[in-house]
Amino acid sequence: MTKRIRVALSGSGFRLGAHLGALQAIVDAGYEIVELAGTSGGSIVAAMFAGGMKLTDMRELCMRLDWSSIMRFSPWAVLRHQALCGGKALEAFLERGTGGRTFINSPLDLKIIAADLLTEREFLFSRATTPTVPIAVAARASASIPVVFPPVACSGALLVDGGTCDNVPASDLTVDDVPRVGIYLVSDDTALRPGNHGLCTLAPRIIDLMLAANEAAHVELDVKNGVTIVRVQTGYASSFDRNMAPAVRRRLYNDGYAATKAAIGAMPVAQTTPSGTIFSTSRPMSP
């Protein structure tokens with residue numbers, strides 16, 4: 001019998017290691033991830049997992065990758081795109097990581113959330129809505145932080161960071177007997193002292209402040225609708241730290257793993273028998 005689960009990954013910036021630890025904890029507990037949704041940084045992890053990259057390879061990449069070449073600020077990008085980065089390097093990185101797969105080619109049900117500037121509404125990439133769109137393009141759109149990256153024109157929409165409309169996309173997961181989990185990376189920065197602070201200090205706080213406007217309401221509604229929200233405290237790591245210290249990367253991974261392992265231990269489980277019958281138990285069986 002197989003334990004099945006649906007998972008949503010929140011925005012994360014460069015704190016991606018926490019999501020990888022969370023996914024590893026889910027797999028180690030004996031679950032099969034049948035649906036995966038992601039926003040912004042969470043969409044990058046979701047895209048590469050759905051693209052077929054092994055979690056061990058993703059962890060190794062995350063522990064050593066210097067994001068500076070992917071998020072390089074360029075005066076040319078400012079002039080041409082009215083953004084600090086052009087975004088081509090990020091898309092190329094995602095294209096390699098996903099093997100060029102489209103949504104219809106994904107082995108699991110993948111959903112990536114972006115925000116459409118034309119309609120001022122959430123835009124959903126999925127097997128049903130955008131079957132032939134490359135997964136890499138969707139993740140690039142979902143991670144397009146306003147001003148940092150230019151918007152992405154795709155499927156008749158003009159798309160920016162999905163966190164501006166739903167930073168924890170658990171509401172986009174299918175509702176049935178299969179448990180739903182949202183991995184929510186929480187920023188718990190302490191207050192700054194008055195004074196002059198540089199962009200590297202203020203930019204992540206500006207993004208966090210922007211997301212906070214709708215985040216709490218979304219998470220509260222998700223919990224009411226039966227989603228298990230796993231809160232991973234990550235305030236000690238900057239979402240804009242392109243070359244994060246190895247010790248911080250390891251801590252993010254370990255914290256994501258530990259918080260998720262603890263949260264899913266008491267969850268109900270949807271199990272599938274060889275005949276395809278689905279039933280629930282009050283607590284998970286040992287893998």
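Criterion: ILVMFWY side-chain heavy atoms under 4.5 Å apart, direct or through other members. Under it, Val223 and Val186 are part of a common hydrophobic cluster. With hydrophobic clusters built from ILVMFWY side chains whose heavy atoms lie under 4.5 angstrom apart, Leu108 shares a cluster with Val7. There is a path of hydrophobic side-chain contacts, each under 4.5 Å, that joins Leu94 to Leu36. Note on Leu173: it does not cluster hydrophobically with Ile26, by side-chain heavy-atom contacts below 4.5 Å among ILVMFWY residues. Transitive grouping of hydrophobic side chains (ILVMFWY, heavy atoms separated by less than 4.5 Å) brings Leu20 and Val248 into a common cluster.
Note that OG1 of Thr174 and CD of Glu35 are 3.5 Å apart. Values are rounded to the nearest 0.5 Å. Going from atom OG1 of Thr39 over to atom CD of Glu122 covers 7.0 Å, rounded to the nearest 0.5 Å. With rounding to the nearest 0.5 Å, the separation of CZ in Phe14 from CG in Asn243 is 10.0 Å. Here the OG atom belonging to Ser12 is positioned 5.5 Å from the CG atom belonging to Leu185, to the nearest 0.5 angstrom. Atom CE of Met53 and atom CZ of Arg59 lie 15.0 Å apart (nearest 0.5 Å). Atom CE in Met244 sits 10.0 Å away from atom CE in Met63 (nearest 0.5 Å).
Under the 4.5 Å side-chain criterion, counting only non-hydrogen atoms from C-beta, Pro107 is in contact with Arg101. Using a 4.5 Å heavy-atom cutoff, the side chains of Ile264 and Tyr31 are in contact. With a 4.5 Å cut-off on side-chain heavy atoms, Trp67 and Leu16 count as touching. Annotation: side chain of Glu91 is in contact with side chain of Val137 (closest heavy-atom distance under 4.5 Å). Using a 4.5 Å heavy-atom cutoff, the side chains of Val227 and Arg180 are in contact. Asp255 is not listed as a side-chain neighbour of Gln233, based on a closest heavy-atom distance of 4.5 Å or more.
A distance-only check finds no donor-acceptor pair linking the side chain of Arg4 to the backbone of Ile33 [under 3.5 Å]. Thr260 contributes a side-chain N or O that, together with a main-chain N or O of Gly256, makes up a donor-acceptor pair within less than 3.5 Å. The backbone N or O of Gly41 sits nowhere less than 3.5 Å from a side-chain atom of His19 that would complete a donor-acceptor pair. Remark: side-chain polar atoms of Lys111 are not paired, donor with acceptor, to backbone N or O of Leu124 under 3.5 angstrom. For the pair Arg249 (side chain) and Leu65 (backbone), a donor-acceptor distance under 3.5 Å is present. Not a single donor-acceptor pair under 3.5 Å links the side chain of Asp109 to the backbone N or O of Val34. Using modelled atom types, no side-chain atom of Ser155 and backbone atom of Ala157 make a donor-acceptor pair closer than 3.5 Å. In this structure, the side chain of Asn225 engages the main chain of Leu221 through a donor-acceptor pair within 3.5 Å.
A side-chain N or O of Thr234 and one of Arg15 form a donor-acceptor pair less than 3.5 Å apart. Under 3.5 Å, the side chains of Tyr257 and Asp28 contain a donor-acceptor pair of N or O atoms. A donor-acceptor contact under 3.5 angstrom links the side chains of Ser40 and Asp161, judged on distance only. Side chain to side chain, Asp166 and Ser171 meet the donor-acceptor criterion of an N or O pair below 3.5 Å.
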Step-by-step side chain to side chain contact (heavy atoms under 4.5 Å, CB included) determination, Phe149 to Arg140:
CA-CA 9 Å; Phe149 291 107; Arg140 154 78 172 86; 4.0 Å; yes
Would Lys3 and Glu32 satisfy salt bridge (charged side-chain N to carboxylate O under 4.0 Å, His left out), going step by step from the backbone distance to the final call?
CA-CA 6 Å; Lys3 299 190 295 184; Glu32 176 192 2; over 6 Å; no
Between Ile135 and Ser106, is a side chain to side chain contact (heavy atoms under 4.5 Å, CB included) present by the stated rule, with each step listed?
CA-CA 9 Å; Ile135 293 172; Ser106 173; 4.2 Å; yes
Please test Tyr184 against Val232 for side chain to side chain contact (heavy atoms under 4.5 Å, CB included), starting from the C-alpha separation and ending with a verdict.
CA-CA 6 Å; Tyr184 175 23; Val232 185; over 6 Å; no
Check the pair Ser144, Leu159 against side chain to side chain contact (heavy atoms under 4.5 Å, CB included), reporting the backbone distance first and the verdict last.
CA-CA 8 Å; Ser144 292; Leu159 303 166; over 6 Å; no
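The aromatic rings of Phe125 and Phe103 sit parallel, their planes meeting at an angle under 30°, below the 60° perpendicular limit.
Taking the ring centre of Tyr236 as origin, the terminal cationic atom of Arg251 falls inside the region bounded by 6.0 Å and 45° from the ring axis.
In terms of heavy-atom proximity, Asp222 sits nearest to Ala170 at OD2-CB, 3.6 Å. When all heavy atoms of Ser10 and Val168 are compared, the closest pair comes out as CB-CG2, 3.9 Å. In terms of heavy-atom proximity, Ile112 sits nearest to Ala138 at CG2-O, 3.6 Å. The two residues Thr98 and Ala136 have their closest heavy-atom pair at OG1-CB, 3.9 Å. Heavy-atom minimum distance, Ser43 versus Ala143: OG-N, 4.5 Å.
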